[in-house]
Chemist: 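Below is one structure. I have some questions about it.
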Protein chains: 2
Amino acid sequence: MSVDNTIFKPVKTQRTFEEVSSTIKALIFDGTLQSGDKLPTETVLAKQFNVGRQTVREALRILELSGFIIVKKGFGGGTIIKDSILNKITDLIRDAFQMEKISVDEFILARVAIEKAILNSAIDNADDQDIKALSDNIDKANDLIAKKKVAIDLHFEFHSLLANASKNSVFVIVEGAINAIHRNLRSRTPPDFKFSKTAAQDHEKILDALIKKEREKAINLLEEHIIKLKGVY
Amino acid sequence: MSVDNTIFKPVKTQRTFEEVSSTIKALIFDGTLQSGDKLPTETVLAKQFNVGRQTVREALRILELSGFIIVKKGFGGGTIIKDSILNKITDLIRDAFQMEKISVDEFILARVAIEKAILNSAIDNADDQDIKALSDNIDKANDLIAKKKVAIDLHFEFHSLLANASKNSVFVIVEGAINAIHRNLRSRTPPDFKFSKTAAQDHEKILDALIKKEREKAINLLEEHIIKLKGVY
DNA sequence: TCACATTTGTCCGTATGTATC
DNA sequence: AGATACATACGGACAAATGTG
(Lines give C-alpha, C1' and ligand atoms only; values in the text may rest on other atoms or scores of the structure.)
Protein backbone atom coordinates (compact mmCIF):
# COMPACT_ATOMS: atom_id res chain seq x y z
CA MET A 1 0.00 0.00 0.00
CA SER A 2 1.31 3.39 -0.91
CA VAL A 3 0.09 6.94 -0.81
CA ASP A 4 0.29 9.51 -3.55
CA ASN A 5 3.82 10.70 -3.05
CA THR A 6 3.11 14.07 -4.64
CA ILE A 7 1.68 15.16 -1.30
CA PHE A 8 5.23 15.11 0.06
CA LYS A 9 6.89 18.24 -1.11
CA PRO A 10 10.65 18.49 -0.89
CA VAL A 11 11.72 19.99 2.39
CA LYS A 12 14.16 22.25 0.61
CA THR A 13 14.01 23.12 -3.05
CA GLN A 14 15.29 26.65 -2.79
CA ARG A 15 18.87 27.45 -2.15
CA THR A 16 19.60 29.25 1.08
CA PHE A 17 20.49 32.55 -0.53
CA GLU A 18 17.18 32.45 -2.40
CA GLU A 19 15.32 32.01 0.84
CA VAL A 20 17.13 35.00 2.27
CA SER A 21 16.44 37.21 -0.74
CA SER A 22 12.79 36.13 -0.85
CA THR A 23 12.37 36.92 2.82
CA ILE A 24 13.76 40.42 2.42
CA LYS A 25 11.75 40.94 -0.75
CA ALA A 26 8.57 39.97 1.08
CA LEU A 27 9.35 42.54 3.78
CA ILE A 28 9.63 45.17 1.08
CA PHE A 29 6.38 44.11 -0.57
CA ASP A 30 4.41 44.23 2.67
CA GLY A 31 5.83 47.62 3.57
CA THR A 32 7.87 46.59 6.58
CA LEU A 33 10.94 47.80 4.73
CA GLN A 34 10.46 51.05 2.90
CA SER A 35 12.44 53.12 0.47
CA GLY A 36 15.32 54.80 2.25
CA ASP A 37 15.51 52.23 5.02
CA LYS A 38 18.93 50.82 5.69
CA LEU A 39 19.49 47.11 6.11
CA PRO A 40 21.87 45.81 8.77
CA THR A 41 25.43 45.10 7.67
CA GLU A 42 26.20 41.87 5.90
CA THR A 43 27.79 40.44 9.03
CA VAL A 44 24.74 41.24 11.17
CA LEU A 45 22.35 39.91 8.53
CA ALA A 46 24.35 36.69 8.43
CA LYS A 47 24.00 36.28 12.17
CA GLN A 48 20.29 37.15 12.15
CA PHE A 49 19.50 34.69 9.38
CA ASN A 50 21.96 32.23 10.88
CA VAL A 51 23.80 31.81 7.58
CA GLY A 52 27.25 32.63 6.28
CA ARG A 53 28.19 36.01 4.97
CA GLN A 54 28.73 34.62 1.48
CA THR A 55 25.09 33.49 1.44
CA VAL A 56 23.92 36.95 2.47
CA ARG A 57 26.04 38.50 -0.27
CA GLU A 58 24.54 36.29 -2.97
CA ALA A 59 21.07 37.18 -1.69
CA LEU A 60 21.96 40.86 -1.85
CA ARG A 61 23.25 40.44 -5.41
CA ILE A 62 19.82 39.13 -6.38
CA LEU A 63 18.00 42.00 -4.69
CA GLU A 64 20.41 44.47 -6.24
CA LEU A 65 19.94 43.12 -9.74
CA SER A 66 16.19 42.98 -9.24
CA GLY A 67 16.18 46.67 -8.43
CA PHE A 68 15.17 46.55 -4.77
CA ILE A 69 18.34 47.77 -3.11
CA ILE A 70 21.50 49.71 -3.77
CA VAL A 71 24.78 48.89 -2.10
CA LYS A 72 27.44 51.39 -1.16
CA LYS A 73 30.92 50.66 0.05
CA GLY A 74 32.90 52.30 2.80
CA PHE A 75 32.09 54.29 5.90
CA GLY A 76 28.41 55.18 6.16
CA GLY A 77 27.75 52.79 3.30
CA GLY A 78 25.75 49.63 3.34
CA THR A 79 22.50 48.40 1.86
CA ILE A 80 19.66 50.81 1.28
CA ILE A 81 16.15 50.04 0.07
CA LYS A 82 15.60 51.85 -3.19
CA ASP A 83 13.25 50.95 -6.03
CA SER A 84 14.86 50.84 -9.45
CA ILE A 85 12.95 47.91 -10.89
CA LEU A 86 12.04 49.74 -14.09
CA ASN A 87 15.69 50.47 -14.79
CA LYS A 88 16.50 46.81 -14.30
CA ILE A 89 13.74 45.83 -16.70
CA THR A 90 15.30 48.23 -19.13
CA ASP A 91 18.66 46.53 -18.71
CA LEU A 92 17.20 43.10 -19.37
CA ILE A 93 15.29 44.29 -22.40
CA ARG A 94 18.50 45.74 -23.72
CA ASP A 95 20.02 42.29 -23.29
CA ALA A 96 17.10 40.69 -25.10
CA PHE A 97 17.60 43.14 -27.91
CA GLN A 98 21.32 42.46 -27.98
CA MET A 99 20.57 38.78 -28.38
CA GLU A 100 18.71 39.92 -31.50
CA LYS A 101 15.44 38.57 -30.38
CA ILE A 102 13.75 41.76 -31.48
CA SER A 103 13.97 43.14 -35.01
CA VAL A 104 13.50 46.77 -35.91
CA ASP A 105 10.37 46.07 -37.92
CA GLU A 106 8.58 44.11 -35.24
CA PHE A 107 9.58 46.70 -32.69
CA ILE A 108 8.09 49.55 -34.66
CA LEU A 109 4.93 47.58 -35.37
CA ALA A 110 4.44 46.83 -31.69
CA ARG A 111 5.32 50.37 -30.69
CA VAL A 112 2.73 51.85 -33.01
CA ALA A 113 0.03 49.60 -31.63
CA ILE A 114 0.89 50.15 -27.98
CA GLU A 115 1.46 53.88 -28.16
CA LYS A 116 -1.79 54.38 -30.03
CA ALA A 117 -3.54 52.68 -27.14
CA ILE A 118 -1.65 54.88 -24.68
CA LEU A 119 -2.54 58.05 -26.55
CA ASN A 120 -6.16 56.99 -26.73
CA SER A 121 -6.19 56.68 -22.97
CA ALA A 122 -4.24 59.91 -22.51
CA ILE A 123 -6.90 61.84 -24.44
CA ASP A 124 -9.46 60.70 -21.87
CA ASN A 125 -7.37 61.23 -18.76
CA ALA A 126 -4.88 64.04 -19.30
CA ASP A 127 -5.30 66.87 -16.81
CA ASP A 128 -3.93 70.41 -16.86
CA GLN A 129 -0.62 69.37 -15.33
CA ASP A 130 -0.09 66.74 -17.99
CA ILE A 131 -0.86 69.24 -20.74
CA LYS A 132 1.57 71.68 -19.19
CA ALA A 133 4.32 69.07 -18.91
CA LEU A 134 3.84 68.08 -22.55
CA SER A 135 3.73 71.71 -23.61
CA ASP A 136 6.89 72.54 -21.65
CA ASN A 137 8.61 69.58 -23.25
CA ILE A 138 7.85 70.92 -26.70
CA ASP A 139 8.93 74.44 -25.76
CA LYS A 140 12.28 73.18 -24.51
CA ALA A 141 12.75 71.11 -27.63
CA ASN A 142 11.98 74.10 -29.82
CA ASP A 143 14.48 76.22 -27.88
CA LEU A 144 17.21 73.71 -28.56
CA ILE A 145 16.26 73.38 -32.19
CA ALA A 146 16.31 77.18 -32.57
CA LYS A 147 19.93 76.92 -31.47
CA LYS A 148 20.51 74.27 -34.12
CA LYS A 149 20.85 71.55 -31.50
CA VAL A 150 19.16 68.16 -31.49
CA ALA A 151 16.63 67.45 -28.74
CA ILE A 152 16.57 63.67 -28.75
CA ASP A 153 16.22 63.21 -25.00
CA LEU A 154 13.22 65.53 -24.94
CA HIS A 155 11.62 63.60 -27.78
CA PHE A 156 11.90 60.43 -25.76
CA GLU A 157 10.49 62.20 -22.75
CA PHE A 158 7.44 63.34 -24.72
CA HIS A 159 6.31 59.76 -25.14
CA SER A 160 6.89 59.01 -21.46
CA LEU A 161 4.81 62.07 -20.56
CA LEU A 162 2.02 60.76 -22.76
CA ALA A 163 2.09 57.51 -20.80
CA ASN A 164 1.91 59.46 -17.54
CA ALA A 165 -1.08 61.36 -18.91
CA SER A 166 -2.89 58.07 -19.49
CA LYS A 167 -2.94 57.75 -15.68
CA ASN A 168 -2.41 54.02 -16.07
CA SER A 169 0.60 52.42 -14.38
CA VAL A 170 0.52 49.50 -16.78
CA PHE A 171 0.97 51.86 -19.68
CA VAL A 172 3.71 53.72 -17.81
CA ILE A 173 5.64 50.50 -17.31
CA VAL A 174 5.13 49.20 -20.82
CA GLU A 175 6.05 52.55 -22.32
CA GLY A 176 9.19 52.53 -20.18
CA ALA A 177 10.20 49.27 -21.77
CA ILE A 178 9.37 50.46 -25.28
CA ASN A 179 11.30 53.63 -24.63
CA ALA A 180 14.33 51.65 -23.50
CA ILE A 181 14.36 49.61 -26.67
CA HIS A 182 13.94 52.74 -28.73
CA ARG A 183 16.84 54.49 -27.04
CA ASN A 184 18.94 51.44 -27.69
CA LEU A 185 18.07 51.51 -31.38
CA ARG A 186 18.58 55.23 -31.58
CA SER A 187 22.02 55.06 -30.00
CA ARG A 188 23.31 53.21 -33.05
CA THR A 189 22.58 56.03 -35.44
CA PRO A 190 24.10 59.51 -35.21
CA PRO A 191 21.88 62.40 -34.08
CA ASP A 192 20.06 63.95 -37.01
CA PHE A 193 19.09 67.61 -36.70
CA LYS A 194 16.54 67.53 -39.47
CA PHE A 195 14.88 64.52 -37.94
CA SER A 196 14.82 66.16 -34.53
CA LYS A 197 13.10 69.19 -36.00
CA THR A 198 10.47 67.06 -37.69
CA ALA A 199 9.86 65.14 -34.48
CA ALA A 200 9.27 68.35 -32.55
CA GLN A 201 6.77 69.51 -35.14
CA ASP A 202 5.00 66.16 -35.02
CA HIS A 203 4.80 66.27 -31.24
CA GLU A 204 3.33 69.75 -31.39
CA LYS A 205 0.60 68.63 -33.76
CA ILE A 206 -0.15 65.58 -31.66
CA LEU A 207 -0.44 67.63 -28.51
CA ASP A 208 -2.68 70.10 -30.27
CA ALA A 209 -5.01 67.34 -31.39
CA LEU A 210 -4.93 65.85 -27.90
CA ILE A 211 -5.93 69.13 -26.30
CA LYS A 212 -8.79 69.52 -28.75
CA LYS A 213 -9.68 65.91 -28.11
CA GLU A 214 -9.57 65.17 -31.81
CA ARG A 215 -9.06 61.51 -31.20
CA GLU A 216 -8.81 60.13 -34.74
CA LYS A 217 -6.51 62.89 -35.84
CA ALA A 218 -4.20 62.58 -32.87
CA ILE A 219 -3.88 58.83 -33.25
CA ASN A 220 -3.23 59.06 -36.98
CA LEU A 221 -0.58 61.71 -36.41
CA LEU A 222 1.12 59.51 -33.83
CA GLU A 223 1.11 56.53 -36.15
CA GLU A 224 2.65 58.51 -38.98
CA HIS A 225 5.17 59.97 -36.56
CA ILE A 226 6.39 56.58 -35.40
CA ILE A 227 6.36 55.04 -38.86
CA LYS A 228 8.76 57.73 -40.02
CA LEU A 229 11.38 56.07 -37.85
CA LYS A 230 11.61 53.19 -40.26
CA GLY A 231 13.59 55.42 -42.57
CA VAL A 232 16.06 56.36 -39.87
CA TYR A 233 17.45 52.90 -39.13
CA MET B 1 43.76 76.23 -14.64
CA SER B 2 41.87 73.00 -14.79
CA VAL B 3 40.79 70.56 -17.43
CA ASP B 4 37.42 68.99 -17.86
CA ASN B 5 37.71 66.22 -15.35
CA THR B 6 35.22 64.04 -17.17
CA ILE B 7 38.04 62.95 -19.43
CA PHE B 8 39.57 61.09 -16.51
CA LYS B 9 37.56 57.99 -16.01
CA PRO B 10 38.00 56.07 -12.80
CA VAL B 11 40.49 53.28 -13.19
CA LYS B 12 38.06 50.84 -11.63
CA THR B 13 34.38 51.56 -11.28
CA GLN B 14 33.13 48.03 -11.63
CA ARG B 15 33.43 45.45 -8.97
CA THR B 16 35.42 42.39 -9.92
CA PHE B 17 32.41 40.09 -10.09
CA GLU B 18 30.78 42.55 -12.48
CA GLU B 19 33.81 42.44 -14.74
CA VAL B 20 33.64 38.66 -14.73
CA SER B 21 29.92 38.56 -15.54
CA SER B 22 30.32 41.21 -18.24
CA THR B 23 33.16 39.26 -19.82
CA ILE B 24 31.13 36.07 -19.95
CA LYS B 25 28.08 37.99 -21.18
CA ALA B 26 30.14 39.48 -23.99
CA LEU B 27 31.28 36.00 -25.01
CA ILE B 28 27.64 34.98 -25.24
CA PHE B 29 26.70 38.06 -27.27
CA ASP B 30 29.47 37.54 -29.79
CA GLY B 31 28.65 33.86 -30.19
CA THR B 32 31.78 32.42 -28.65
CA LEU B 33 29.60 30.80 -26.04
CA GLN B 34 26.41 29.31 -27.39
CA SER B 35 23.28 27.81 -25.94
CA GLY B 36 24.04 24.38 -24.54
CA ASP B 37 27.71 25.09 -23.95
CA LYS B 38 28.98 24.24 -20.54
CA LEU B 39 31.16 26.63 -18.57
CA PRO B 40 34.13 25.36 -16.57
CA THR B 41 33.54 24.67 -12.90
CA GLU B 42 33.62 27.54 -10.44
CA THR B 43 37.07 26.55 -9.27
CA VAL B 44 38.49 26.48 -12.79
CA LEU B 45 36.80 29.77 -13.68
CA ALA B 46 38.31 31.33 -10.58
CA LYS B 47 41.76 30.22 -11.63
CA GLN B 48 41.28 31.33 -15.25
CA PHE B 49 40.05 34.79 -14.25
CA ASN B 50 42.58 34.86 -11.44
CA VAL B 51 39.91 35.69 -8.86
CA GLY B 52 38.41 33.97 -5.86
CA ARG B 53 35.58 31.50 -6.03
CA GLN B 54 33.18 33.79 -4.21
CA THR B 55 33.73 36.39 -6.90
CA VAL B 56 32.93 33.84 -9.58
CA ARG B 57 29.82 32.78 -7.72
CA GLU B 58 28.49 36.32 -7.50
CA ALA B 59 29.17 36.76 -11.20
CA LEU B 60 27.24 33.57 -11.90
CA ARG B 61 24.33 34.78 -9.75
CA ILE B 62 24.10 37.85 -11.99
CA LEU B 63 24.19 35.81 -15.18
CA GLU B 64 21.64 33.42 -13.74
CA LEU B 65 19.20 36.15 -12.75
CA SER B 66 19.71 37.90 -16.08
CA GLY B 67 18.64 34.74 -17.87
CA PHE B 68 21.91 33.80 -19.55
CA ILE B 69 22.77 30.61 -17.70
CA ILE B 70 21.24 27.89 -15.63
CA VAL B 71 23.08 26.19 -12.81
CA LYS B 72 22.61 22.55 -11.91
CA LYS B 73 23.80 20.84 -8.78
CA GLY B 74 25.20 17.38 -8.38
CA PHE B 75 27.14 15.01 -10.59
CA GLY B 76 27.25 16.09 -14.23
CA GLY B 77 25.90 19.46 -13.13
CA GLY B 78 27.50 22.82 -13.55
CA THR B 79 26.81 25.99 -15.48
CA ILE B 80 25.13 25.77 -18.85
CA ILE B 81 24.45 28.57 -21.31
CA LYS B 82 20.71 28.85 -21.78
CA ASP B 83 18.69 31.89 -22.79
CA SER B 84 15.73 32.66 -20.58
CA ILE B 85 15.91 36.44 -20.67
CA LEU B 86 12.27 36.85 -21.58
CA ASN B 87 11.22 34.85 -18.54
CA LYS B 88 13.38 37.01 -16.32
CA ILE B 89 11.85 40.15 -17.78
CA THR B 90 8.46 38.76 -16.94
CA ASP B 91 9.59 38.10 -13.38
CA LEU B 92 10.80 41.66 -12.93
CA ILE B 93 7.68 43.15 -14.45
CA ARG B 94 5.67 41.12 -11.99
CA ASP B 95 7.68 42.71 -9.20
CA ALA B 96 7.07 46.13 -10.69
CA PHE B 97 3.35 45.55 -10.67
CA GLN B 98 3.48 44.31 -7.12
CA MET B 99 5.30 47.45 -6.01
CA GLU B 100 3.03 49.87 -7.79
CA LYS B 101 -0.12 48.22 -6.52
CA ILE B 102 -1.92 48.44 -9.79
CA SER B 103 -5.68 48.57 -9.67
CA VAL B 104 -7.85 45.96 -11.32
CA ASP B 105 -9.58 48.56 -13.47
CA GLU B 106 -6.44 50.06 -14.95
CA PHE B 107 -5.02 46.61 -15.48
CA ILE B 108 -8.06 45.47 -17.41
CA LEU B 109 -8.16 48.67 -19.43
CA ALA B 110 -4.53 48.26 -20.47
CA ARG B 111 -4.98 44.57 -21.09
CA VAL B 112 -7.89 45.17 -23.44
CA ALA B 113 -5.91 47.71 -25.43
CA ILE B 114 -2.75 45.65 -25.66
CA GLU B 115 -4.38 42.31 -26.39
CA LYS B 116 -6.51 43.87 -29.09
CA ALA B 117 -3.30 45.01 -30.74
CA ILE B 118 -1.83 41.54 -30.34
CA LEU B 119 -4.87 39.86 -31.82
CA ASN B 120 -4.85 42.28 -34.72
CA SER B 121 -1.30 41.24 -35.46
CA ALA B 122 -2.05 37.57 -34.89
CA ILE B 123 -4.75 37.68 -37.55
CA ASP B 124 -2.13 38.76 -40.06
CA ASN B 125 0.62 36.40 -39.02
CA ALA B 126 -0.84 33.21 -37.58
CA ASP B 127 0.27 30.11 -39.47
CA ASP B 128 -1.13 26.59 -39.43
CA GLN B 129 0.90 25.60 -36.40
CA ASP B 130 -0.42 28.53 -34.41
CA ILE B 131 -3.99 27.68 -35.37
CA LYS B 132 -3.41 24.09 -34.35
CA ALA B 133 -1.93 25.09 -31.00
CA LEU B 134 -4.87 27.38 -30.30
CA SER B 135 -7.30 24.74 -31.42
CA ASP B 136 -5.66 22.08 -29.26
CA ASN B 137 -5.80 24.43 -26.31
CA ILE B 138 -9.56 24.82 -26.71
CA ASP B 139 -10.07 21.08 -27.15
CA LYS B 140 -8.21 20.34 -23.93
CA ALA B 141 -10.17 23.00 -22.10
CA ASN B 142 -13.45 21.56 -23.36
CA ASP B 143 -12.38 18.09 -22.23
CA LEU B 144 -11.79 19.35 -18.71
CA ILE B 145 -15.03 21.27 -18.68
CA ALA B 146 -16.93 18.19 -19.86
CA LYS B 147 -15.59 16.56 -16.70
CA LYS B 148 -16.89 19.50 -14.69
CA LYS B 149 -13.37 20.73 -14.01
CA VAL B 150 -12.07 24.27 -14.40
CA ALA B 151 -9.44 24.94 -17.06
CA ILE B 152 -7.91 28.16 -15.82
CA ASP B 153 -4.34 27.36 -16.82
CA LEU B 154 -5.42 26.59 -20.37
CA HIS B 155 -7.32 29.86 -20.53
CA PHE B 156 -4.16 31.72 -19.63
CA GLU B 157 -2.22 29.74 -22.20
CA PHE B 158 -4.68 30.70 -24.93
CA HIS B 159 -3.69 34.33 -24.64
CA SER B 160 0.00 33.46 -24.68
CA LEU B 161 -0.55 31.41 -27.81
CA LEU B 162 -2.20 34.42 -29.41
CA ALA B 163 0.90 36.46 -28.66
CA ASN B 164 3.07 33.76 -30.21
CA ALA B 165 0.87 33.83 -33.29
CA SER B 166 1.55 37.55 -33.68
CA LYS B 167 5.14 36.53 -34.42
CA ASN B 168 6.31 39.63 -32.58
CA SER B 169 8.73 39.24 -29.64
CA VAL B 170 7.72 42.58 -28.19
CA PHE B 171 4.16 41.37 -27.94
CA VAL B 172 5.33 38.08 -26.47
CA ILE B 173 7.25 39.93 -23.77
CA VAL B 174 4.42 42.32 -22.98
CA GLU B 175 1.80 39.59 -22.99
CA GLY B 176 3.98 37.52 -20.70
CA ALA B 177 3.97 40.35 -18.23
CA ILE B 178 0.25 40.93 -18.53
CA ASN B 179 -0.33 37.22 -18.09
CA ALA B 180 1.82 37.11 -14.96
CA ILE B 181 -0.16 39.91 -13.39
CA HIS B 182 -3.41 38.33 -14.39
CA ARG B 183 -2.43 35.07 -12.74
CA ASN B 184 -1.52 37.03 -9.68
CA LEU B 185 -4.94 38.67 -9.58
CA ARG B 186 -6.70 35.44 -10.40
CA SER B 187 -5.03 33.53 -7.60
CA ARG B 188 -6.87 35.70 -5.10
CA THR B 189 -10.29 34.50 -6.17
CA PRO B 190 -11.52 30.90 -6.05
CA PRO B 191 -11.85 28.97 -9.33
CA ASP B 192 -15.27 29.41 -10.88
CA PHE B 193 -16.56 26.61 -13.10
CA LYS B 194 -19.22 28.69 -14.78
CA PHE B 195 -16.71 31.35 -15.61
CA SER B 196 -14.28 28.79 -16.99
CA LYS B 197 -16.99 27.43 -19.27
CA THR B 198 -17.82 30.88 -20.56
CA ALA B 199 -14.15 31.62 -21.17
CA ALA B 200 -13.74 28.46 -23.24
CA GLN B 201 -16.75 29.40 -25.36
CA ASP B 202 -15.38 32.92 -25.84
CA HIS B 203 -12.00 31.57 -26.91
CA GLU B 204 -13.65 29.27 -29.39
CA LYS B 205 -15.54 32.15 -30.98
CA ILE B 206 -12.44 34.31 -31.08
CA LEU B 207 -10.40 31.59 -32.75
CA ASP B 208 -13.17 31.00 -35.24
CA ALA B 209 -13.21 34.67 -36.20
CA LEU B 210 -9.41 34.70 -36.36
CA ILE B 211 -9.35 31.76 -38.76
CA LYS B 212 -11.95 33.43 -40.95
CA LYS B 213 -9.94 36.64 -40.67
CA GLU B 214 -13.03 38.50 -39.49
CA ARG B 215 -10.94 41.19 -37.92
CA GLU B 216 -13.59 43.49 -36.43
CA LYS B 217 -15.58 40.61 -35.04
CA ALA B 218 -12.57 38.90 -33.48
CA ILE B 219 -11.39 42.08 -31.81
CA ASN B 220 -14.83 42.91 -30.48
CA LEU B 221 -15.22 39.42 -29.10
CA LEU B 222 -11.87 39.68 -27.36
CA GLU B 223 -12.76 43.01 -25.82
CA GLU B 224 -16.05 41.70 -24.47
CA HIS B 225 -14.27 38.59 -23.23
CA ILE B 226 -11.74 40.55 -21.19
CA ILE B 227 -14.24 43.08 -19.90
CA LYS B 228 -16.22 40.23 -18.37
CA LEU B 229 -13.36 39.80 -15.93
CA LYS B 230 -14.36 42.99 -14.17
CA GLY B 231 -17.20 41.11 -12.58
CA VAL B 232 -14.94 38.37 -11.27
CA TYR B 233 -12.70 40.44 -9.04
C1' DT C 1 46.43 66.56 5.61
C1' DC C 2 46.27 62.56 8.12
C1' DA C 3 44.93 58.89 10.83
C1' DC C 4 40.74 56.10 11.97
C1' DA C 5 36.56 53.51 12.01
C1' DT C 6 33.12 51.20 9.29
C1' DT C 7 31.44 48.52 5.72
C1' DT C 8 31.68 46.24 1.37
C1' DG C 9 34.86 43.59 -1.62
C1' DT C 10 37.81 39.68 -2.20
C1' DC C 11 40.31 35.47 -1.21
C1' DC C 12 41.31 30.94 0.89
C1' DG C 13 40.47 26.56 3.27
C1' DT C 14 37.21 23.33 4.42
C1' DA C 15 32.99 20.86 4.87
C1' DT C 16 28.40 19.46 3.31
C1' DG C 17 24.69 18.51 0.03
C1' DT C 18 23.16 16.55 -4.23
C1' DA C 19 22.38 14.41 -8.53
C1' DT C 20 24.20 11.05 -11.69
C1' DC C 21 26.84 7.01 -13.00
C1' DA D 1 24.52 1.06 -3.11
C1' DG D 2 28.65 3.53 -3.36
C1' DA D 3 31.87 6.49 -5.73
C1' DT D 4 32.23 10.79 -8.09
C1' DA D 5 32.09 15.57 -9.44
C1' DC D 6 29.92 19.20 -8.97
C1' DA D 7 27.49 23.37 -6.52
C1' DT D 8 26.41 25.04 -1.98
C1' DA D 9 27.66 26.88 2.37
C1' DC D 10 30.49 28.28 6.50
C1' DG D 11 34.34 30.89 8.89
C1' DG D 12 38.22 33.57 9.04
C1' DA D 13 41.23 36.88 7.17
C1' DC D 14 42.79 40.86 4.73
C1' DA D 15 42.17 44.59 1.00
C1' DA D 16 39.88 48.62 -0.58
C1' DA D 17 36.87 52.35 -0.33
C1' DT D 18 34.73 56.16 2.07
C1' DG D 19 33.21 59.40 5.26
C1' DT D 20 34.63 61.56 10.03
C1' DG D 21 37.35 64.02 13.23
Side-chain angles (χ1 to χ4, degrees), chain A residues 5-6 8-25 33 36-82 84 88, chain B residues 2 5 8-25 28 33 36-82 84:
Chain A
N5 62 11
T6 59
F8 298 119
K9 289 182 183 169
V11 176
K12 186 181 175 183
T13 38
Q14 279 198 332
R15 296 170 286 188
T16 310
F17 63 80
E18 285 173 324
E19 288 182 37
V20 172
S21 69
S22 297
T23 303
I24 296 175
K25 208 195 246 187
L33 292 172
D37 288 353
K38 201 168 165 181
L39 254 54
T41 66
E42 292 176 354
T43 317
V44 174
L45 278 175
K47 278 182 187 166
Q48 290 184 348
F49 280 110
N50 196 29
V51 298
R53 201 182 142 215
Q54 167 165 0
T55 304
V56 168
R57 280 187 62 78
E58 290 185 41
L60 292 181
R61 284 294 82 71
I62 290 180
L63 292 172
E64 190 180 26
L65 204 74
S66 302
F68 288 99
I69 61 170
I70 56 171
V71 179
K72 282 198 298 188
K73 235 195 337 186
F75 187 94
T79 305
I80 296 161
I81 310 290
K82 179 165 166 42
S84 61
K88 300 302 174 181
Chain B
S2 68
N5 62 11
F8 296 119
K9 290 181 184 170
V11 176
K12 186 181 176 184
T13 43
Q14 283 197 330
R15 296 169 285 190
T16 310
F17 63 80
E18 286 174 322
E19 287 183 38
V20 173
S21 68
S22 297
T23 304
I24 295 175
K25 211 194 257 189
I28 296 172
L33 292 172
D37 288 354
K38 199 168 165 181
L39 254 53
T41 66
E42 292 177 355
T43 318
V44 174
L45 278 174
K47 278 182 186 164
Q48 290 184 348
F49 280 109
N50 196 28
V51 298
R53 264 198 11 274
Q54 163 127 10
T55 303
V56 169
R57 281 185 63 75
E58 291 187 38
L60 293 181
R61 285 294 83 70
I62 289 180
L63 293 172
E64 192 180 24
L65 205 71
S66 303
F68 287 99
I69 61 170
I70 55 170
V71 180
K72 283 200 296 188
K73 285 185 286 196
F75 187 94
T79 305
I80 296 160
I81 309 289
K82 179 165 166 44
S84 59

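Below, chain A is the first sequence line, B the second, and so on; all start at residue 1.
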Chemist: Regarding G52(B), tell me which of base, sugar-phosphate or nothing describes its non-hydrogen contacts under 4.0 Å with the strands shown.
Modeler: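 Sugar-phosphate contact only.
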Chemist: To the nearest Å, give me how far apart CD1 (I70(B)) and P (dA7(D)) are.
Modeler: 13 Å
Chemist: Could you state the atom-to-atom distance from CD of E58(B) to P of dA9(D) in whole Å?
Modeler: 13 Å
Chemist: Figure out the CD1/P separation between I80(B) and dT20(C), and round it to whole Å.
Modeler: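 Taking CD1 of I80(B) and P of dT20(C), I get 11 Å after rounding.
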Chemist: Who pairs with E42(B) by side chain to side chain donor-acceptor pair (under 3.5 Å), at least two apart in sequence or on another chain?
Modeler: R57(B)
Chemist: In whole Å, I'd like the distance from the CG atom of L63(A) to the P atom of dT8(C).
Modeler: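 So the two atoms are 14 Å apart, to the nearest Å.
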Chemist: Any side-chain heavy atom of I24(A) within less than 4.5 Å of one from F68(A)?
Modeler: no
Chemist: Looking at T41(A), does any N or O in its side chain come under 4.0 Å of the phosphate oxygens OP1/OP2 on dT7(C)?
Modeler: no
Chemist: Please classify the nucleic acid contact of G76(A) as base, sugar-phosphate, or nothing, using heavy-atom distances under 4.0 Å.
Modeler: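 Nothing, no heavy atom under 4.0 Å.
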Chemist: Measure from the side chain of R61(B), starting at C-beta and using heavy atoms only, and say which of dT8(D), dG19(D), dC10(D) lies closest.
Modeler: dT8(D)
Chemist: Using a strict threshold of under 4.0 Å (side-chain N to carboxylate O), is an ion pair present between R61(A) and E58(A)?
Modeler: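 No, this pair does not count.
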Chemist: Just the rounded figure in Å: distance from P of dG12(D) to CD of E42(A).
Modeler: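 Atom-to-atom, E42(A) to dG12(D), this comes out as 16 Å.
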Chemist: Write down the distance between CD (E64(A)) and P (dT8(C)), rounded to a whole number of angstrom.
Modeler: 12 Å
Chemist: Rounding to an integer number of Å, can you tell me how far F75(B) CZ sits from dG2(D) P?
Modeler: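 After rounding, the gap between these two atoms is 17 Å.
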Chemist: Side chain of T16(B): nearest nucleotide among dA7(D), dT8(C), dT10(C)?
Modeler: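 It is dT10(C).
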Chemist: When rounded to the nearest 0.5 angstrom, what is the spacing between CD in E18(B) and CD1 in I62(B)?
Modeler: 5.5 Å
Chemist: From C-beta outward on Q54(B), which listed nucleotide comes closest to its side chain: dT8(D), dT10(C), dT8(C)?
Modeler: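 The answer is dT10(C), which lies nearest to the side chain.
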Chemist: Look only at the side chain of K38(B) and the backbone of G77(B), and say whether a donor-acceptor pair between them is shorter than 3.5 Å.
Modeler: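 Pair found, side chain donor or acceptor close to backbone of G77(B).
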Chemist: Closest to the R57(A) side chain: dT18(D), dA7(D), dT8(C)?
Modeler: dT8(C)
Chemist: Starting from C1' on dG19(D), measure out to NZ on K72(A) and report it in whole angstrom.
Modeler: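 In whole Å, dG19(D) C1' and K72(A) NZ are 10 Å from each other.
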Chemist: With a 4.0 Å cutoff (strictly under), does any side-chain N or O of R15(B) reach OP1 or OP2 of dA15(D)?
Modeler: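 False: R15(B) side-chain N/O out of range (4.0 Å or more) of dA15(D) OP1/OP2.
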Chemist: Answer with yes or no whether R53(A) presents, from its side chain, a donor or acceptor under 3.5 Å of a partner atom in the base of dT10(C).
Modeler: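 When only heavy-atom distances are counted, R53(A) does reach the base of dT10(C) through a donor-acceptor pair under 3.5 Å.
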